[in-house]
S.K.: 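Please read through the structure below; I'll follow up with questions.
Predicted, not measured: the structure shown is a model, and the values here were computed from it.
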Amino acid sequence: MKQTEKMLVIGACGQIGRELTVALRKQFSRHCVIAADIQPEDKIDLEIYPYKQLNVLDKEKLEALIMEEKITQIYHLAAMLSANAELNPQAAWRLNMDSLLSVLDLSVKYRVKKVFWPSSIAVFGPDSPKKNCPQQGITEPATIYGISKAAGEYWCKYYFEKYGLDVRSLRYPGLIGYTAAPGGGTTDYAVDIFHHAIKGETFTCFLKEDTALPMMYMHDAIRATLELMDASGDQLQVRTSYNLGALSFTPKEIYEEIEKEVPGFMIHYASDFRQQIAESWPQSVDDSQATKDWCWQPAYDLKRMVSEMLSKLSILS
Ligand code: VAH
């Protein structure tokens with residue numbers, strides 16, 4: 001009898017994890033998708049159930065969960081993002097790397113069919129092409145977060161080649177969604193700005209007004225993830241991580257788009273250490289390999305994203 005799919009989403013309370021859990025439960029069914037995160041059960045909302053509290057660095061507990069629930073797919077989203085990682089480099093390396101190695105190792109041991117792990121455009125560095133950075137662009141990251149993602153990509157490729165583990169990955173740009181608060185990323189100004197606009201507060205931006213970065217609406221990122229995971233394995237030429245693109249904009253450009261719908265909204269610029277992180281990244285990426293291998297196409301432009309973010313946050317506030 002065909003075993004039903006049983007998915008484990010690690011980091012399910014995070015910016016990507018929350019929306020990916022909901023999307024997977026729509027595609028499969030609620031009881032097939034177990035949400036796991038370090039948050040205690042009494043701190044999470046009902047939408048996330050069925051839920052297991054899990055510290056992904058507790059390999060024994062992770063192993064017991066994979067074994068007992070007969071997990072067939074793992075989406076490993078737990079990580080420390082770029083800005084927080086610069087402030088806690090050792091803890092970031094441990095969380096981002098040790099957790100991935102545990103997931104890869106246990107996925108081989110328990111014959112997990114597919115694994116998803118998020119990389120980031122942060123794998124690129126100051127010497128990478130700034131515009132339309134290619135799939136094979138130089139990956140010499142200047143941040144701990146970027147170093148952990150670049151190293152993780154090679155571990156994923158190693159486990160695919162040596163053990164045949166079907167692990168797949170996307171180099172997400174900055175992601176903008178309305179269900180989770182900003183989580184310590186350099187691109188998270190582009191999430192926080194909406195919360196200030198909705199509340200009628202002046203927004204202080206920690207990047208300079210002309211700092212262009214690759215960005216994407218969360219709905220596009222979730223769809224890309226599901227489409228990559230649904231693709232036939234033999235279509236995939238990339239087993240490190242696929243460049244994934246949609247938008248590229250500056251703080252000034254997103255502010256001006258928001259101000260069209262929120263007249264009088266004000267912004268103030270006060271760059272900090274995150275400016276240097278942002279300047280080490282490309283301004284846009286070439287994702288033609290993703291389009292070629294699994295027909296990737298974004299659906300949201302800046303105008304459509306701003307309009308949807310403002311309407312969703314207005315309803316939630
Ligand atoms: C960060 N949101 O800012 C993440 C992202 C491209 C950056 O990976 O750290």
Side-chain angles (χ1 to χ4, degrees), residues 11 13-20 22 37 39 43-45 47-48 77 79-88 120-122 143 145 172-222 246-281 283-284 300-317:
C13 295
Q15 185 193 30
I16 304 169
R18 180 179 290 272
E19 297 207 36
L20 187 59
V22 170
D37 201 296
Q39 307 290 339
K43 293 270 188 290
I44 60 147
D45 53 49
E47 188 186 58
I48 285 282
L77 305 166
M80 193 182 297
L81 297 182
S82 58
N84 285 352
E86 288 305 292
L87 302 174
N88 309 278
S120 162
I121 59 101
T143 63
Y145 174 70
Y172 288 128
L175 299 183
I176 296 151
Y178 53 83
T179 59
T186 302
T187 60
D188 285 335
Y189 85 86
V191 177
D192 209 12
I193 191 170
F194 286 99
H195 294 271
H196 283 76
I198 290 294
K199 289 184 272 187
E201 296 167 350
T202 297
F203 176 62
T204 299
C205 183
F206 54 68
L207 296 183
K208 291 176 182 169
E209 66 175 24
D210 59 350
T211 311
L213 287 171
M215 297 280 194
M216 180 177 284
Y217 187 43
M218 184 62 77
H219 285 203
D220 268 344
I222 298 301
L247 306 171
S248 171
F249 56 75
T250 65
K252 184 170 186 285
E253 288 165 334
I254 190 171
Y255 161 71
E256 289 174 343
E257 196 59 42
I258 292 172
E259 208 270 342
K260 289 176 190 171
E261 299 204 27
V262 186
F265 175 44
M266 302 290 284
I267 191 169
H268 167 65
Y269 297 98
S271 61
D272 65 15
F273 75 98
R274 289 166 285 195
Q275 182 65 33
Q276 195 180 0
I277 296 174
E279 287 176 0
S280 74
W281 292 343
Q283 295 170 3
S284 61
Y300 283 80
D301 61 11
L302 180 59
K303 181 177 172 54
R304 185 181 177 198
M305 178 186 76
V306 165
S307 183
E308 187 158 313
M309 279 289 288
L310 290 171
S311 64
K312 294 285 187 185
L313 285 173
S314 302
I315 296 163
L316 293 172
S317 61

S.K.: For the pair I222 and I16, evaluate side chain to side chain contact (heavy atoms under 4.5 Å, CB included) and give the outcome as yes or no after the intermediate values.
M.R.: CA-CA 8 Å; I222 298 301; I16 304 169; 4.1 Å; yes

S.K.: Would you please test D210 and K208 for salt bridge (Lys or Arg N to Asp or Glu O under 4.0 Å) and show each step?
M.R.: CA-CA 6 Å; D210 59 350; K208 291 176 182 169; over 6 Å; no

S.K.: Start with the C-alpha distance between I267 and E209, add both sets of side-chain angles, then the distance that settles side chain to side chain contact (heavy atoms under 4.5 Å, CB included), and finish with yes or no.
M.R.: CA-CA 10 Å; I267 191 169; E209 66 175 24; over 6 Å; no

S.K.: Could you walk me through whether K43 and D37 pass the side chain to side chain contact (heavy atoms under 4.5 Å, CB included) check?
M.R.: CA-CA 11 Å; K43 293 270 188 290; D37 201 296; over 6 Å; no

S.K.: Mind checking whether Y255 and F265 have parallel, tilted or perpendicular rings, split at 30° and 60°?
M.R.: tilted

S.K.: Can you confirm whether K199 is buried at NZ, in the sense that more than 12 heavy atoms of other residues, nucleotides or ligands lie under 6.0 Å from that atom?
M.R.: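 Correct, the count exceeds 12.
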
S.K.: Ignoring hydrogens, what is the shortest heavy-atom contact between H196 and T202? Give both atom names and the distance.
M.R.: CD2-O, 3.6 Å

S.K.: Please lay out, stage by stage, how L77 and L20 fare under the test side chain to side chain contact (heavy atoms under 4.5 Å, CB included).
M.R.: CA-CA 10 Å; L77 305 166; L20 187 59; 3.7 Å; yes

S.K.: Decide whether Q283 and S248 meet the rule of one side-chain donor and one side-chain acceptor closer than 3.5 Å.
M.R.: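 The answer is no; no qualifying pair exists.
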
S.K.: Can you label the angle between the Y217 ring and the Y178 ring as parallel, tilted or perpendicular, going by 30° and 60°?
M.R.: tilted

S.K.: For K252, is there an ion pair with E256 - N to carboxylate O distance below 4.0 angstrom?
M.R.: yes

S.K.: Which pair of non-hydrogen atoms, one from E19 and one from G177, has the smallest distance, and what is that distance?
M.R.: OE2-CA, 4.0 Å

